[in-house]
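Heads up: the structure comes next, in structure tokens.
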Amino acid sequence: MDRFLVARRGEDNLKTATMEVQMVTTKLIKPASPTPSHLRTLKLSPLDRQFSFMVKPCALYYYPGGGGDQDVERRKRLETSLSETLTRYYPLAGRYTKETHSIDCNDEGVEYLEAKVEGLQLSQLLSRRDEMIPQLDHLSGGESSTPLASIQVTWFDCGGIVIAVRIHHMVVDGFTAASFFNAWATASREGVEEGKLDSPIFGLTSFFPEGNNLPKQKPMPPPKIFGMDKLATRRLVLDEAKILSLKAKARDHDRREPSKVEVVTALIWRALMGVSQAKHGRLRTSLASHTVNLRPKIVPPLPPLCCGNLLTRVAARFTVEDSFDMALPDLKDLIGLLRDAAKHSIGEVPRQDLYSTAIKYRNEVLSKICGNDYLAIWIPIEQSNQPI
């Protein structure tokens, strides 16, 4: 698994033009209580196995400092609460067994790294994140790692911290990852007394068929790029005020208020439509594919907080006929298309049809992308409906 490191392993000190990063400790955090023997082996479902070589993108969380003795207490509380949370999310502390497509829930632990930054306040990093964060990304290691989850806590002189988390996709989707983050945050703030943390449920293989004749997922189409010199990468930064402004502009009084994910997705989609129009001299039909959480659509409903990969993809489609004057659509119109795709493309999903439904819709999206001259936009964000 890729590590999120602000310094490569073995480099205790790393200086950039504006900051110094020191790796302080690397350890394994184990569950506070041993995993019962009957939960020792977690068999991955066919959907989980689709992501056996993928890692969920690194999530970054920023917290202001308290200073002095508070920082010492925060350090202890972060580790203790993580250990307590792993008792419930025990597969994250296990190890993948390739031969059996399963997780050995052996409580070996998640990788936990502590680093400190000298000569830079957290507020400075946030105010200059356009230039600072890419440096941290550039320094991230690329070697393989046995733990299924890696967490790095970076401390600043002011007492502020940045928490970075990466988890193997084979054990979590966006909903599961958000549930874990929220559980850890709750345990750190309030403790784990009875009733404060919901208990997640793992082991969904009983809802999936077995055998070698399962529907196959189509491979991703190759990018239509010839030569790395034609590949461009951009990072977009939208602060809270800008997002709130966008939500106000995109609000449709006949519908509920758009979410942050919806409004940012629509903004990117519309911008890329404008780029395509400028390049080709015309507005083109376009697809925006995004991930859908299948949990609310399953009948009969699954127990609350079922964890693992329960997701598929759908594509919202904008056709040229939708714009009579060849003008770019409004944000609220694109948000409506995104919502309609998620709501109407997939109806109720019987439990026994979970896998076939997930593969069917993913393959339909890939067929639309491969078989037509569309502007295709692949949105990796999953709307987990989990507030973090």
Side-chain angles (χ1 to χ4, degrees), residues 56-57 59 173-175 177-178 234-280 282-298 310-349 357-358 360-362 364-369 372-388:
K56 290 295 290 182
D173 57 7
F175 176 91
R234 296 289 184 269
R235 191 175 68 90
L236 307 177
V237 178
L238 292 88
D239 60 29
E240 184 176 7
K242 291 178 181 176
I243 292 178
L244 290 175
S245 175
L246 285 171
K247 290 175 68 173
K249 292 178 181 177
R251 185 176 291 114
D252 188 333
H253 295 293
D254 295 331
R255 296 172 177 252
R256 63 174 172 82
E257 182 178 286
S259 68
K260 293 179 181 179
V261 171
E262 287 174 334
V263 74
V264 173
T265 298
L267 177 69
I268 296 172
W269 187 7
R270 187 176 188 275
L272 292 177
M273 291 170 65
V275 172
S276 175
Q277 184 181 35
K279 179 179 179 180
H280 296 274
R282 57 185 174 87
L283 199 59
R284 297 167 66 203
T285 294
S286 63
L287 298 173
S289 168
H290 58 102
T291 306
V292 173
N293 176 15
L294 287 173
R295 290 168 180 80
K297 300 178 179 293
I298 298 171
L310 291 171
L311 71 166
T312 190
R313 297 197 75 90
V314 296
R317 177 176 172 176
F318 171 82
T319 61
V320 176
E321 290 77 14
D322 294 333
S323 180
F324 298 105
D325 57 358
M326 301 302 287
L328 290 173
D330 293 332
L331 288 181
K332 65 179 181 181
D333 295 328
L334 295 179
I335 289 172
L337 293 175
L338 290 168
R339 287 181 176 176
D340 290 344
K343 182 177 180 180
H344 300 303
S345 295
I346 307 174
E348 292 185 340
V349 180
T357 299
K360 170 190 172 184
Y361 283 100
R362 288 183 69 90
E364 284 184 0
V365 170
L366 292 171
S367 294
K368 291 175 182 176
I369 293 174
N372 298 279
D373 182 29
Y374 292 156
L375 168 65
I377 302 166
W378 192 267
I379 307 294
I381 298 173
E382 177 185 341
Q383 297 198 53
S384 63
N385 296 322
Q386 284 278 66
I388 296 177

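We're numbering straight along the sequence, starting at 1.
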Would you indicate whether the side-chain heavy atoms of Met273 and Pro329 approach each other to under 4.5 Å? yes

Distance from Arg256 atom CZ to Ile335 atom CD1, nearest 0.5 Å? 9.5 Å

Run the side chain to side chain contact (heavy atoms under 4.5 Å, CB included) test on Gln277 and Leu328 for me, step by step, so that the C-alpha distance in whole Å, both residues' side-chain angles and the decisive distance to 0.1 Å come before the verdict. CA-CA 9 Å; Gln277 184 181 35; Leu328 290 173; 3.9 Å; yes

With heavy-atom distances below 4.5 Å as the criterion, would you say the side chains of Trp269 and Leu338 are in contact? yes

Would you say the side chain of Val292 lies within less than 4.5 Å of the side chain of Arg313, judging by non-hydrogen atoms? no

Drop me the distance from Thr312's OG1 to Asn293's CG, to the nearest 0.5 angstrom. 11.0 Å

Heavy-atom nearest pair, Arg317 first then Leu337, reads O-CD1, 3.7 Å

Determine whether Phe175 and Leu310 make a side-chain contact, defined as any pair of heavy atoms from C-beta on separated by less than 4.5 Å. no

Is it true that, when you exclude Glu257 itself, more than 12 heavy atoms of the residues, nucleotides or ligands shown sit nearer than 6.0 Å to its CD? yes

Hey, could you give me the CD/OG distance between Glu364 and Ser289, rounded to the nearest 0.5 Å? 11.5 Å

Specify the closest pair of heavy atoms between Thr285 and Thr319, including all atoms of both residues, with the distance to one decimal. OG1-CA, 3.7 Å

From NE2 (His290) to CD (Glu262), nearest 0.5 Å: 8.5 Å

If I compare all heavy atoms of Leu246 with all of Leu238, which pair ends up nearest, and what's the gap? CD1-CD2, 3.7 Å

Tell me if the NZ atom of Lys260 is crowded by more than 12 foreign heavy atoms within 6.0 Å. no

Can you confirm whether Lys297 sits close enough to Thr357 that some side-chain heavy atom of one is under 4.5 Å from a side-chain heavy atom of the other? no

Would you call Asp252 and Arg339 a salt bridge, taking side-chain N to carboxylate O under 4.0 Å as the test? no

For Ser345, run the side-chain contact (heavy atoms from CB on, under 4.5 Å) check against Asp340, Val365, Val314 and tell me which one passes. Val314

Would you say the side chain of Asp173 lies within less than 4.5 Å of the side chain of Arg295, judging by non-hydrogen atoms? yes

If you look at every heavy atom in Ala266 and Leu334, which pair is closest and at what distance? O-CD1, 3.6 Å

Would you check if Phe318 and Asp333 make a side-chain contact, meaning some heavy-atom pair closer than 4.5 Å? no

List the atom of Pro258, the atom of Lys247, and the distance in Å for their closest heavy-atom pair. O-CE, 3.0 Å

Shortest non-hydrogen pair, Ala250 vs Leu331, comes out as CB-CB, 3.9 Å

